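Take a look at the structure set out below.
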Amino acid sequence: MVAPTHAGWDGTVRPDDLDCVPALAAAYLDVIGASFGGWVATQTALDDREGRISRLVLMDAIGPVITGRQITVPAGSPAAAAAGPAPQGGPSAQSMADMRTYAGPTTAGAGMLPRFSIATCPVLVIWGADDAVVTPDFGRAYAAAFPLPSVSPSTSRHRHCPS
């Protein structure tokens with residue numbers, strides 16, 4: 001399993017040519033993703049024309065526009081970024097700025113959800129019962145769009161797991 005720090009996250013450099021989710025996804029091989037990393041992992045699986053990915057595991061993933069289900073993106077305060085790591089494991093202001101560079105102002109990929117039908121691998125979608133960023137209903141709708149989905153909502157008091 002590879003759990004990368006995305007270019008631009010946590011003080012790393014983001015090259016200018018990495019300016020959208022498909023470009024970021026192309027920089028990786030096989031991945032399992034959480035939160036924004038779930039979007040990147042999903043994009044990687046959708047672009048996998050060689051069949052390298054045998055399974056996709058998504059935890060609290062964001063990415064597609066799902067009608068009637070909003071993503072509540074953390075603000076990421078500049079003061080917190082200047083002071084060091086974000087509180088409670090949340091993203092820094094720089095990470096949030098880079099996510100908006102990749103994801104655009106809506107932080108969702110319009111037209112992505114219908115593409116889920118081309119996925120050729122089984123998909124396990126895991127959601128926390130107390131996720132305030134993307135709800136378990138969002139997770140169920142996310143999973144239902146895949147041809148081979150499996151959903152595992154957590155019964156624990158699990159909150160959002162940032163990538």
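Keep in mind it's a predicted model, so treat the numbers as computed, not measured.
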Has Asp17 got more than 12 heavy atoms of other residues, nucleotides or ligands less than 6.0 Å from its CG? yes
So which heavy atom on Leu113 is nearest to which on Ala145, and how close? CD1-CB, 3.5 Å
If you take all heavy atoms of Ala7 and Val13, which pair is closest and at what distance? CB-O, 3.5 Å
Would you mind reporting whether Thr107 and Met99 have side-chain heavy atoms less than 4.5 Å apart? yes
When rounded to the nearest 0.5 angstrom, what distance separates CG in Asp48 from OG1 in Thr120? 6.0 Å
Any heavy-atom pair between the side chains of Trp39 and Met112 that's under 4.5 Å? yes
Give a yes or no answer on whether the side chain of Arg14 reaches the backbone of Leu18 with a donor-acceptor pair at less than 3.5 Å. yes
Would you say Thr106's side chain and Ala108's backbone share a donor-acceptor pair under 3.5 angstrom? yes
Minimum heavy-atom separation for Gly38 to Ala61, with atom names? CA-CB, 3.8 Å
Below 4.5 Å, heavy atoms only, C-beta onward: do Gln70 and Phe138 meet side chain to side chain? no
If I compare all heavy atoms of Ala143 with all of Val125, which pair ends up nearest, and what's the gap? CB-CG2, 3.6 Å
What residues form a ring-ring contact (aromatic ring centres under 6.0 Å, His included) with Tyr102, not counting sequence neighbours? Phe36
Would you list the pairs meeting salt bridge (charged side-chain N to carboxylate O under 4.0 Å, His left out) in which at least one residue belongs to residues 32-43, sequence neighbours left out? none
Under the rule for side chain to side chain donor-acceptor pair (under 3.5 Å), what residues qualify as partners of Arg69, not counting sequence neighbours? none
Counting C-beta onward and ignoring hydrogens, is there a side-chain heavy-atom pair between Asp10 and Ser95 closer than 4.5 Å? yes
I want to check something: taking the side chain as every heavy atom from C-beta on, are Val133 and Asp60 in contact at a cut-off of under 4.5 Å? no
When you measure from the side chain of Thr135 to the backbone of Asp131, do you find a donor-acceptor pair of N or O atoms at a distance under 3.5 Å? no
With Thr44, which of Val40, Thr42, Leu46 fulfils side-chain contact (heavy atoms from CB on, under 4.5 Å)? Val40
Contact check, side chains of Leu58 and Ile126, non-hydrogen atoms, under 4.5 Å: no
On the 0 to 90° scale, with breaks at 30° and 60°, tag the Phe116-Phe146 ring pair as parallel, tilted or perpendicular. parallel
Using every non-hydrogen atom in the two residues, find where Pro136 and Gly128 come nearest and quote the distance to one decimal. CG-O, 3.4 Å
